[in-house]
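Beneath this line is the structure, given in structure tokens, with notes to follow.
In the text below, chain A, chain B and the rest are named by the order of the sequence lines, each starting its count at 1.
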2 protein chains.
Amino acid sequence: MEMTATQGGRGRPREFDPEEALAAALQVFWRRGYDGASMAELTEAMGITKPSLYACFGNKEALFRKALDLYERDKLCYIKSALEAPTAKGVAERILRGSLAIQTGGNDPRGCLGVISSVGGTAHAESIRDEIMARRASSDRALVERFERARAEGDLPAGVEPQAMACYLTTVIQGMAIQAGADVPRERLEQLINTTLAMWPSN
Amino acid sequence: MEMTATQGGRGRPREFDPEEALAAALQVFWRRGYDGASMAELTEAMGITKPSLYACFGNKEALFRKALDLYERDKLCYIKSALEAPTAKGVAERILRGSLAIQTGGNDPRGCLGVISSVGGTAHAESIRDEIMARRASSDRALVERFERARAEGDLPAGVEPQAMACYLTTVIQGMAIQAGADVPRERLEQLINTTLAMWPSN
DNA sequence: TCTACTATATACCGCACGGTATGGAAATGA
DNA sequence: TCATTTCCATACCGTGCGGTATATAGTAGA
């Protein structure tokens, strides 16, 4: 990963791994949101100083966007494979369980980075919100298309709108992200997923 | 409403209405969350100066708690009456529609003050989060008790756990709050409510 | 009218914020 | 070895934060 245009053989090589530093930054943004993450907390977690951070990543906003890229690539990759499930209900189950795995698994913070960083916050962070909204819109579109295919394949009951089911599923996932962030135990969230799937419409 | 121990006849009377000022502060907290709301934005919206604010309300955290009280009293009052609906599904419908009315109605900000202020944020705002969690916990308890009564009355199918349904409903509401905050149009959220109610378990 | 008391306005406090200038340390190519 | 290039560490910049000291203005009671 080429973090900057320079760093080309000549001169002193940097002493840290940009990938590791970015992963550490992601943890902080994930816990605090964009506004809540301070440069002091970021640099401490990344193990580098501020000038190193600015030289390598640009500024706070650019760092956040790169962290968002990493988040989508490493954490949200389950969505792409979930859409390949054979049935609409299978898609829903894979997405719900995948989402739960991220939000309560490993040593990562609980909750969803996108939700945390797009809610509330100061006035001068609106470009961040716009960025997140745009990414979420493209993800939503893919889900709607998948459910439209499901209806065409007779996989969704007649009266059920694909767009409505996509919006519903998104809502449950985002609600689950809030619950996870509020330290609702994992078993309860698994119960929530089972409840949701038990009510999923079928013919 | 007695905002302070003083203000007892003697001395110069204040020139603003504490209730109105608090309502204005609530708008700001509702839009920005606790951390995202600055004293400058608060005082400007309230139409008073900082010393007046501190004399009347204490400090930022105390002001927030009073705004939270007002929010519960004026905006979340629908929950209490919703719990009096005759059936579990009726409870769900009243809560969902009441929640939507708050989040997309009038000139109030979209979304839920509790969600916005409990997600993300800096490290020194944890007491705020604890406060919101505690209030949410008591609200959740009431919902669980209502659904336990529903099961006792044969109002919920046999295999359905009251606690699971309470958690599920809370999740949908909080997810809907996120969607409302992301400017999802009202008709879409009404569709979401209809979808949720259509899938509600019945015997 | 005088006194006691309280609200308002202005200016200010220490601090943390995001971001940067500068000087020295380290590694490369010649 | 030496010049060049780049990175790291420290100290600093302007700004806005939450919160306050002080002085003035205004009202009620004696």
From [atom1] of [X] over to [atom2] of [N], roughly how many Å is that when rounded to an integer?
X        : N      : atom1 : atom2 : answer
A:Phe57  : C:dG19 : CZ    : P     : 14 Å
A:Arg14  : C:dA27 : CZ    : P     : 15 Å
A:Tyr54  : C:dC17 : OH    : P     : 12 Å
A:His124 : D:dG16 : NE2   : C1'   : 10 Å
A:Met46  : C:dG18 : CE    : P     : 13 Å
A:Arg12  : D:dT6  : CZ    : P     : 13 Å
B:Lys60  : D:dT20 : NZ    : C1'   : 17 Å
A:Phe64  : C:dG18 : CZ    : C1'   : 16 Å

Strictly below 4.0 Å, heavy-atom distances to any atom of DNA chain C: list the hits from residues 28-40 of chain B, or just say none.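 Nucleic-acid contacts, sorted: none.
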Here's a test of your reading of the structure: between B:Pro51 and B:Glu15, which maps to the more 5' nucleotide of DNA chain D?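 The 5'-side residue here is B:Pro51.
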Considering residues at least two apart in sequence or located in another chain, which fulfil the ring-ring contact (aromatic ring centres under 6.0 Å, His included) criterion with B:Tyr71?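 Per chain and number, B:Tyr71 pairs via ring-ring contact (aromatic ring centres under 6.0 Å, His included) with B:Trp30.
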Is the side chain of A:Arg94 donor-acceptor paired with the backbone N or O of A:Ser81 at a distance under 3.5 Å, no angle test?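 Yes: the side chain of A:Arg94 pairs with the backbone of A:Ser81.
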Without swapping roles, check the side chain of B:Arg146 against the backbone of B:Leu83 for a donor-acceptor pair under 3.5 Å.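 Checking the backbone N and O of B:Leu83 against the side chain of B:Arg146, a donor-acceptor pair under 3.5 Å is found.
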Given the rule in the side chain to side chain donor-acceptor pair (under 3.5 Å) test, do B:Ser99 and B:Gln103 qualify, once you have shown the distances and angles that lead to the verdict? CA-CA 6 Å; B:Ser99 179; B:Gln103 287 166 16; 3.2 Å; yes
Ionic contact status for A:Arg188 with A:Asp183, cut-off 4.0 Å: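 Salt bridge flag = no for A:Arg188 with A:Asp183.
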Do the rings of B:Trp200 and B:Tyr168 sit parallel, tilted or perpendicular, given the 30° and 60° boundaries?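 B:Trp200 and B:Tyr168: tilted rings.
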OP1 or OP2 of C:dG19 sitting under 4.0 Å from any side-chain N/O of A:Lys50? no
Hey, is the side chain of A:Ser52 poking within less than 4.0 Å of OP1 or OP2 on D:dC8, counting only N and O atoms? yes
Kindly determine whether B:Met39 and B:Leu63 satisfy side chain to side chain contact (heavy atoms under 4.5 Å, CB included), including the steps that lead there. CA-CA 11 Å; B:Met39 294 304 295; B:Leu63 175 65; 5.6 Å; no
